Amino acid sequence: MAEEKSSNFLEEIVENDLKSGKYSGIITRFPPEPNGYLHLGHAKSICLNFGLALKHGGKTNLRFDDTNPITEETEYVESIKNDVKWLGFSWSNEFYASDYFGELYEFAIVLIKKGLAYVDDSSPEEIAFQKGTPVKAGTGNVYRERSVDENLQLFTEMKAGKYKEGEKVLRAKVDLASPNMHMRDPIIYRIKHAHHHRTGGTWCIYPMYDFAHGQSDAIEKVTHSICTLEFIPHRELYDWLITNLGIYPSRQYEFARLNMTYTMMSKRKLLQLVSEGHVKGWDDPRMPTITAVRRRGYTPESIREFCDKIGVAKRENLIDIGLLEFCVREHLNKISLRRMVVTDALKVVITNYPEGKMELLPSENNTEDPNGGIREIPFSRELFIEKDDFMEVPVKKYFRLAPGQMVRLKSAYIIKCEEVIKDSAGNVSELRCTYVPESKSGSDVSGINVKGVIHWVSVPHALEVEVRLYDRLFNMEDLNQAEGDFRTLLNPDSLKVLPKVYAEPSLALAKSADRFQFMRIGYFCVDPDSTPAKRVFNRTVTLRDMWAKKN
RNA sequence: UGCCCGAUGGUGUAAUUGGCAACACGCUUGAUUUUGAUUCAAGAAAGUCCAGGUUCGAGCCCUGGUCGGGCAACCA
């Protein structure tokens, strides 16, 4: 395996640790809380954790950080496992913080016995007040002076269910004057008489994040525990616990979370969008969740490529969603089958083409793929073309159809617009054209050169399908700068449904999850809402379109 | 009135760890093209937040500022 140069600060750390002999192999972990669906921000973390281990011959555990029974559900753990697999990664072990509740409890006992933890009867308000402020030291209370024996007994009683929620907590005795608020005697255990998705009613006391995460890392002998920037202040406590418990010295490193334009990565807010019905569900193709981008037609390869391209650093960032789109286009361009679909139809009658005649014209499935093969498309006297491909009064440099002008019908003939038919309202309703018989694709002897090539569908053979067009979820570029209710910033036009568009007949064979390029329009995939009677396609992303941009 | 992170083209990430700023997206122009796509070629765009200092030499080191972000949930 070729030795690549480290590409970011995390790799540099890992490589140095390996080179110095600090570790002979590394272990990382991806530690989601099963309280929601994974999004692109998690994808970054997944690619980082698994990528680091893959590159250096290490292992990665999938560990569910399930220490808060009231927010966590089995539905979420299943979706998370599914998403990680879809992204193309396999974990060495599937672990749960709740697997360690017994050991964690013993760790708490150790702390109490060392005089480093105490049971506090204060209310949340009292505790908050006694912690002081960042610029004012906290103050102790009478509970802080309880004896080891008393703490031991009280904590045992907490575990036994003797107390109600909120009556007592276990706190680490660290330093109430620390400039780091997280060190001011953090709460490490609280009482919750709640059903846990895995341990059921076994426990009524649950460890806090800070008392579970580092120890779980230590138990699994995680060497590099990477997390996002907001956990930096927690690192001091993470290390304090490892030192005072005398357990495996896992190390925490932090990187900047992913932010993207026109969308948001807050699990809480995404949940709100779902529960309030602003989107149709966690897998609504407009959502930044993994399950949604999957349904939208993104490939795992393109997501991984994206995560690779955005890099990792410790500074705040705002990634242009255009980069994600570039990554899918790049991949889809190589793999998707080309098909012709007319989304906004205008009827064309080829007046010199015999009535009732039909020819099957071959067309490449994918010009990017030499082995892609061809399919045959029926051609007849009556066709649909895109309304946008005709202009009664053409603008300069317009290569498409206009009165008296010619275009090539993709894989078929060159046609010339002879007559424009309008309805009573004055709208163009039909075009009368003639075709050049010698201009047949592949055997063109007409000698005519046309600049424009447009897609088309034969009217009698057209397959009616539904197409769903997605646009950015929000109208604001940087949602982190939003003030007030973020829901007012939702893009009202983020979904446009075209219930009846005309597709070439081969699309009747499209299977769920098949991906296509609708020529000159964009990349589409089959949505699970499809039925045998009606196929539904999601637009993954448009094609790059310099012409549209200019006009 | 504290502590902790951070600051490089529009965006994101690099810079052999002190040697004269690179790559990608985006943008512009041209060529090719039976997708105004793709591909190809060329180009514009930062002198590295500011001020000092060390040095032959600083984006990298030091000092002091400025700006941005984070930290006081019985959330993770």
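These numbers were taken from a predicted model, which means no experiment stands behind them. Proteins get letters first, then strands, A, B, ... in listed order; numbering begins at 1 in each.
Rounded to whole Å, atom C1' of B/U38 lies 11 Å from atom CD of A/E330.
Cation-pi contact between A/K440 and A/Y413: absent, since separation from the ring centre below 6.0 Å together with deviation from the ring axis within 45° is not met. Both cation-pi conditions hold for A/K159 and A/W203: the charged atom is under 6.0 angstrom from the six-membered ring centre and inside a 45 degree cone around its axis. Remark: A/K269 qualifies as a cation-pi partner of A/F486 under the 6.0 Å distance and 45° angle criteria applied to the six-membered ring. Because its NZ or CZ atom is both nearer than 6.0 Å to the ring centre of A/Y96 and within 45° of the ring axis, A/R198 counts as a cation-pi partner of that residue.
By the stacking rule of 5.5 Å between ring centres and under 30° between planes, A/W547 stacks on the base of B/G36.
In terms of polar N and O atoms assigned as donor or acceptor, the side chain of A/E368 never comes within less than 3.5 Å of the base of B/U39 in a complementary pairing. If you check distances only, the side chain of A/R408 does reach the base of B/U34 with a donor-acceptor pair under 3.5 Å. A/R400 contributes a side-chain N or O that forms a donor-acceptor pair with the base of B/G36 under 3.5 Å. Under 3.5 Å, the side chain of A/S411 and the base of B/U34 form no donor-acceptor pair of N or O atoms. Under 3.5 Å, the side chain of A/H455 and the base of B/A37 form no donor-acceptor pair of N or O atoms.
Atom name C1', nucleotides B/U66 and B/A73: the rounded distance is 33 Å, in whole Å. Nucleotides B/G43 and B/G6 place their P atoms 37 Å apart, quoted to the nearest Å. To the nearest whole angstrom, the two C1' atoms, one in B/U33 and one in B/C25, are 24 Å apart. Across B/U13 and B/G26, the matching C1' atoms stand 15 Å from one another, rounded to whole Å. When the C1' atom is compared between B/G9 and B/G18, the two are found 24 Å apart, to the nearest whole Å.
Taking the side chain of A/N317 as heavy atoms from C-beta on, and the options B/C74, B/A37, B/G12, the nearest nucleotide is B/G12. Across B/C71, B/U35, B/A76, the shortest atom-to-atom separation from the side chain of A/H234 is found for B/A76.
Both A/S439 and A/I70 lie close to RNA chain B; mapped to their nearest nucleotides by heavy-atom distance, the more 5′-ward contact belongs to A/S439.
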Could you walk me through whether A/F107 and A/Y100 pass ring pair (Phe, Tyr, Trp, His ring centres under 6.0 Å), step by step? CA-CA 10 Å; A/F107 285 145; A/Y100 311 135; 9.4 Å; no

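Among the protein residues, A/G452 comes within range of no part of the nucleic acid, since none of its heavy atoms lies under 4.0 Å from any strand.
For B/U17, the glycosidic angle deviates from 0 by 90° or less, giving a syn base.
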